[in-house]
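Below you'll find the structure, written out as structure tokens, and then a few comments.
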Amino acid sequence: MDSRFRSIKGMNDILPSDSFLWINLEKLLREHFFMAGFREIRTPVLEYLELFVRGIGEGTDIVDKEMYSFRDKDGEMITLRPEGTASVVRAVTEHNLLKQEGIHRLFYLGPMFRYERPQKGRLRQFHQFGAEIFGIADGSIDGELIYLGTSLLLKTGVKESDFVVKINSLGCQSCRKNYRESLVGFLNQSKESLCDDCKRRTVTNPLRVLDCKNEVCKSITEKSPKTLDFLCTECSAHFGEVQSSLKCFGVKSEVDHRLVRGLDYYSRTTFEIQIINNLLGSQNTVIAGGRYDSLFRDFTGGDYPAIGFAGGIERLLEVAGKDILAAKDEFRISFISSVGLFEETDLRNIGKLREAGIETEVDLSKRSFKAKFKRADRIKSSFAVIKGDDEKNGGYYTLKDLRLSMNSEEKQFRINADELVNEILKRRKV
RNA sequence: GUGAGUGUAGCUCAAUUUGGUUAGAGCACCGGACUGUGGCUCCGGUUGUUGGGGGUUCAAGUCCCCUCACUCACCCCA
């Protein structure tokens with residue numbers, strides 16, 4: 001508050017008290033995807049504006065009003081990525097990965113940017129992880145990918161009773177076209193009762209009326225035509241494969257006819273994993289995705305089936321078990337000395353401790369011995385290495401085990417510098 | 001972009017229904033009891049433009065207006 005500067009709205013600092021949770025979650029994510037045959041891809045945070053306009057689609061809110069776009073020094077319009085899939089597909093086609101190396105599974109992890117009003121579970125700079133599988137149209141892959149999402153949640157300590165998996169199928173482009181016509185016809189019958197937003201949406205993006213939160217609109221769309229009734233034979237069979245695959249993976253899911261998703265590139269399968277324990281407030285979707293078989297065609301002309309999902313890291317952290325992500329094996333020592341008694345040999349010995357993998361803090365402040373011990377206690381040091389006048393004259397250190405109770409005999413004793421590392425390592429496990 | 005709520009010490013919060021004297025407490029921090037030793041206890045100490053600006057009043061943390069920030073919700077999304 002008395003600082004002259006503030007971070008930009010919706011762009012938060014991740015402080016040391018939290019950063020270890022992030023580190024552990026990122027580690028867990030990488031291992032999870034690696035075990036399933038995924039490899040990490042890191043694409044730039046900046047892309048040409050055109051990539052997202054083409055990829056996500058004109059008319060979507062993301063493209064129309066949420067992107068950080070600006071002109072680069074050479075006049076090109078560039079954009080801070082609002083999501084990951086478009087960049088991954090761009091990289092895969094640009095480097096011809098599918099043909100060159102036959103890589104089918106990629107995951108990513110990093111910051112995304114959308115200009116929105118911040119609220120719970122929503123920031124302007126937020127972080128997503130995502131997984132994409134390329135080149136396989138089979139519905140069983142859809143099931144596996146969804147399973148990868150649910151099993152990830154379980155690993156982070158989210159209880160099975162705290163989330164639901166919702167699935168739907170939008171069909172291919174021709175199914176979608178027929179459905180859209182039928183839906184618009186239906187909506188026009190009740191046009192007067194719809195909310196203002198939905199009146200507009202009936203024209204611009206009728207599918208979106210389905211997930212309006214207005215109660216009146218909800219009750220109207222209760223009886224609306226369903227996408228599943230308009231699937232062609234192939235799309236219908238595909239959705240059957242998805243469902244039986246989910247059953248094989250032991251994933252409980254429910255069909256949600258309202259699940260239409262906001263990005264243009266989805267086709268056939270769409271899904272969401274929602275948290276239902278109220279920890280996320282209104283933004284309760286933690287992982288969401290779907291199939292986007294047409295995106296490659298738009299980018300290259302070639303046909304590649306693809307499916308993927310994205311998850312919100314901040315949202316996941318909200319619901320994950322903090323004990324699972326907590327730092328483990330914390331072990332450190334404090335090097336405490338009277339003012340002015342540090343010598344070159346002390347610094348060398350501190351270096352040796354650190355090289356041996358022992359986290360060592362040196363208290364170089366001018367405060368009292370007492371204060372230094374207090375700090376050692378506060379940062380939860382396991383040992384104190386003490387250097388005062390006695391130690392200096394005698395040519396030894398005093399080692400004190402701060403974990404032991406006051407009256408323990410082993411608590412404090414003299415030790416030579418060359419035994420220090422071994423002695424601490426030996427006692428580390430006790 | 002729209003709507004609602006909240007801003008008091010580093011943190012969490014008080015401040016007597018309806019304005020009243022020097023704005024308090026816990027935690028944290030610093031020091032002492034313990035002259036080279038943490039945790040427990042006790043004692044003492046520091047900390048504020050009450051988010052900012054303007055107004056009403058003899059008097060404003062308290063009432064009014066403006067502004068800023070944060071939070072939540074809508075829109076939309078991870």
Side-chain angles (χ1 to χ4, degrees), chain A residues 1-3 6-10 12 17 56 59-66 82-85 108-131 149 195-198 200-201 205 208 211-214 259-263 271-275 280-290 308-319 334 336-339 341 363 365 367-392 398-408 411-412:
Chain A
M1 194 173 294
D2 44 3
S3 167
R6 223 193 319 268
S7 76
I8 295 170
K9 184 200 287 286
N12 294 165
S17 54
I56 299 169
T60 60
D61 275 36
I62 293 181
V63 169
D64 287 355
K65 52 183 202 190
E66 293 177 0
E83 58 106 46
T85 299
Y108 61 84
L109 190 62
M112 306 292 165
F113 305 83
R114 292 182 199 171
Y115 188 87
E116 300 184 271
R117 197 78 168 265
Q119 71 185 68
K120 194 174 181 63
R122 173 190 297 162
L123 293 165
R124 288 186 176 180
Q125 174 173 337
F126 62 107
H127 298 76
Q128 282 188 333
F129 58 91
C195 71
D196 290 345
D197 280 330
C198 285
R200 176 178 51 81
R201 283 191 279 238
N205 198 345
R208 297 234 59 86
D211 57 10
C212 180
K213 285 176 185 169
N214 182 298
L259 193 63
V260 290
R261 320 261 337 114
L263 284 64
F271 65 92
E272 269 187 21
I273 306 178
Q274 297 174 355
I275 300 293
L280 281 186
S282 173
Q283 261 61 46
N284 67 340
T285 301
V286 67
I287 290 175
F309 69 60
I313 293 189
E314 284 86 353
R315 290 183 188 180
L316 184 50
L317 279 171
E318 237 9 89
V319 294
S334 289
I336 292 172
S337 149
S338 296
V339 179
L341 286 186
D363 193 338
S365 69
R367 299 182 305 164
S368 66
F369 248 91
K370 181 190 180 65
K372 288 175 180 174
F373 273 95
K374 216 162 188 168
R375 171 168 170 84
D377 185 57
R378 211 175 118 59
I379 65 172
K380 295 191 170 61
S381 283
S382 298
F383 288 91
V385 177
I386 303 158
K387 164 123 183 207
D389 288 318
D390 293 351
E391 285 81 359
K392 181 180 169 135
T398 296
L399 184 62
K400 179 172 182 176
D401 192 334
L402 299 174
R403 302 167 303 181
L404 299 177
S405 67
M406 203 105 71
N407 45 16
S408 169
K411 191 163 178 58
Q412 186 169 324

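No experiment lies behind these values; they were computed from the predicted model shown. Both backbone and side-chain heavy atoms feed into the values below; hydrogens, waters and symmetry mates do not.
Between A/Arg117 and B/C72 there is no side-chain polar atom (N or O) within less than 4.0 angstrom of OP1 or OP2. Put simply, A/Ser381 has no side-chain N or O that comes within less than 4.0 Å of OP1 or OP2 on B/G38. OP1 or OP2 of B/U71 has not a single side-chain nitrogen or oxygen of A/Lys120 nearer than 4.0 Å. Side-chain N/O atoms of A/Gln283 include none lying less than 4.0 angstrom from OP1 or OP2 on B/C77. Between A/Arg122 and B/C72 there is no side-chain N or O to OP1 or OP2 distance below 4.0 Å.
No donor-acceptor contact under 3.5 Å links the side chain of A/Asp377 to the base of B/G39. Contact annotation: side chain of A/Glu66 to base of B/G1, donor-acceptor pair absent below 3.5 Å. For B/U37, the base has no donor-acceptor partner in the side chain of A/Lys370 [N/O atoms by modelled type, under 3.5 angstrom].
Whole-Å rounding puts the A/Lys411 NZ to B/G38 P distance at 10 Å. When rounded to the nearest whole Å, the span between CG of A/Leu399 and C1' of B/G38 equals 15 Å. Spacing between atom NZ of A/Lys213 and atom P of B/G3 amounts to 19 Å, rounded to whole angstrom units. Here B/G7 presents its P atom at 18 Å from CZ of A/Arg6, a figure rounded to the nearest Å. Rounded to a whole Å, the CZ atom of A/Phe373 is 13 Å from the P atom of B/U35. A straight line from CZ of A/Phe126 to P of B/C77 spans 12 Å, rounded to a whole angstrom.
Searching all strands for a Watson-Crick or G-U wobble partner of B/A4 with both distances below 3.5 Å returns B/U71. Within the shown strands, B/G10 is the pairing partner of B/C27 under the Watson-Crick or G-U definition, both distances less than 3.5 Å. Look at B/A60: it lacks any Watson-Crick or wobble partner with both distances under 3.5 angstrom. Shown here, B/U50 forms no base pair; nothing in the strands shown gives a Watson-Crick or G-U wobble contact with both key distances under 3.5 Å. Of the nucleotides present, none pairs with B/U37 by Watson-Crick or G-U wobble criteria with both distances under 3.5 Å.
Residue contacts shown for A/Ala288 are limited to sugar-phosphate atoms, with no base heavy atom under 4.0 Å away. Among the atoms of the strands shown, base atoms are found under 4.0 Å from some heavy atom of A/Ile386. Counting non-hydrogen atoms under 4.0 angstrom, A/Ile275 reaches nothing in the nucleic acid. At a threshold of 4.0 angstrom between heavy atoms, the contacts of A/Arg378 are confined to the sugar-phosphate backbone, with no base atom among them. The residue A/Lys9 sits close only to the backbone: its heavy atoms come under 4.0 Å of sugar-phosphate atoms, none of a base. A/Gly281 comes within 4.0 angstrom of sugar-phosphate atoms only, judged by non-hydrogen atoms across all strands, and of no base. Looking at heavy-atom distances under 4.0 Å, A/Glu83 makes no contact with the nucleic acid at all. Among the heavy atoms of the strands, none lies under 4.0 Å from A/Glu318. Within 4.0 Å of A/Leu404, counting heavy atoms only, lies at least one base atom of the nucleic acid.
The shortest side-chain heavy-atom distance between A/Asn12 and A/Gln125 does not fall under the 4.5 Å cut-off. Between A/Glu391 and A/Ile386, some side-chain heavy-atom pair lies under the 4.5 Å cut-off. Considering only heavy atoms from C-beta on, A/Thr60 comes within 4.5 Å of A/Val63 through its side chain.
Residue A/Leu402 is the one, among A/Leu402 and A/Arg315, whose nearest nucleotide of RNA chain B lies closer to the 5' end (criterion: closest heavy atom). The residue among A/Gly388 and A/Asp211 whose nearest nucleotide of RNA chain B lies closer to the 5′ end is A/Gly388.
Separation of the P atoms belonging to B/C64 and B/C43 is 42 Å when rounded to the nearest angstrom. B/U8 and B/G48 have their P atoms separated by 15 Å, given to the nearest Å. Taking atom P on both B/U57 and B/U62, the two are 16 Å apart, rounded to the nearest angstrom. Between the C1' atoms of B/U46 and B/G51, the separation comes to 23 Å (whole Å). Remark: the separation of the P atoms in B/C75 and B/C68 is 25 Å, to the nearest Å. To the nearest whole angstrom, the two C1' atoms, one in B/U16 and one in B/U21, are 16 Å apart. Comparing the P positions of B/A9 and B/U18 gives an interatomic distance of 24 Å, to the nearest angstrom. Rounded to the nearest Å, the gap between the P atom of B/A28 and that of B/G39 is 11 Å.
Both tests pass for A/Lys400 against the ring of A/Phe373: distance under 6.0 Å to the centre and angle within 45° of the axis. Judged by the 6.0 Å and 45° rule, A/Arg124 forms a cation-pi pair with A/Tyr115.
A donor atom on one side chain and an acceptor atom on the other are not found under 3.5 Å apart for A/Glu83 and A/Gln128.
Crowding of A/Lys411 atom NZ: a count of heavy atoms from other residues, nucleotides or ligands under 6.0 Å exceeding 12.
Out of B/U37, B/C77, B/G31, the shortest distance to the side chain of A/Gln412 is found at B/U37.
A distance of 8.5 Å separates OG1 of A/Thr285 from CG of A/Leu280, quoted to the nearest 0.5 Å.
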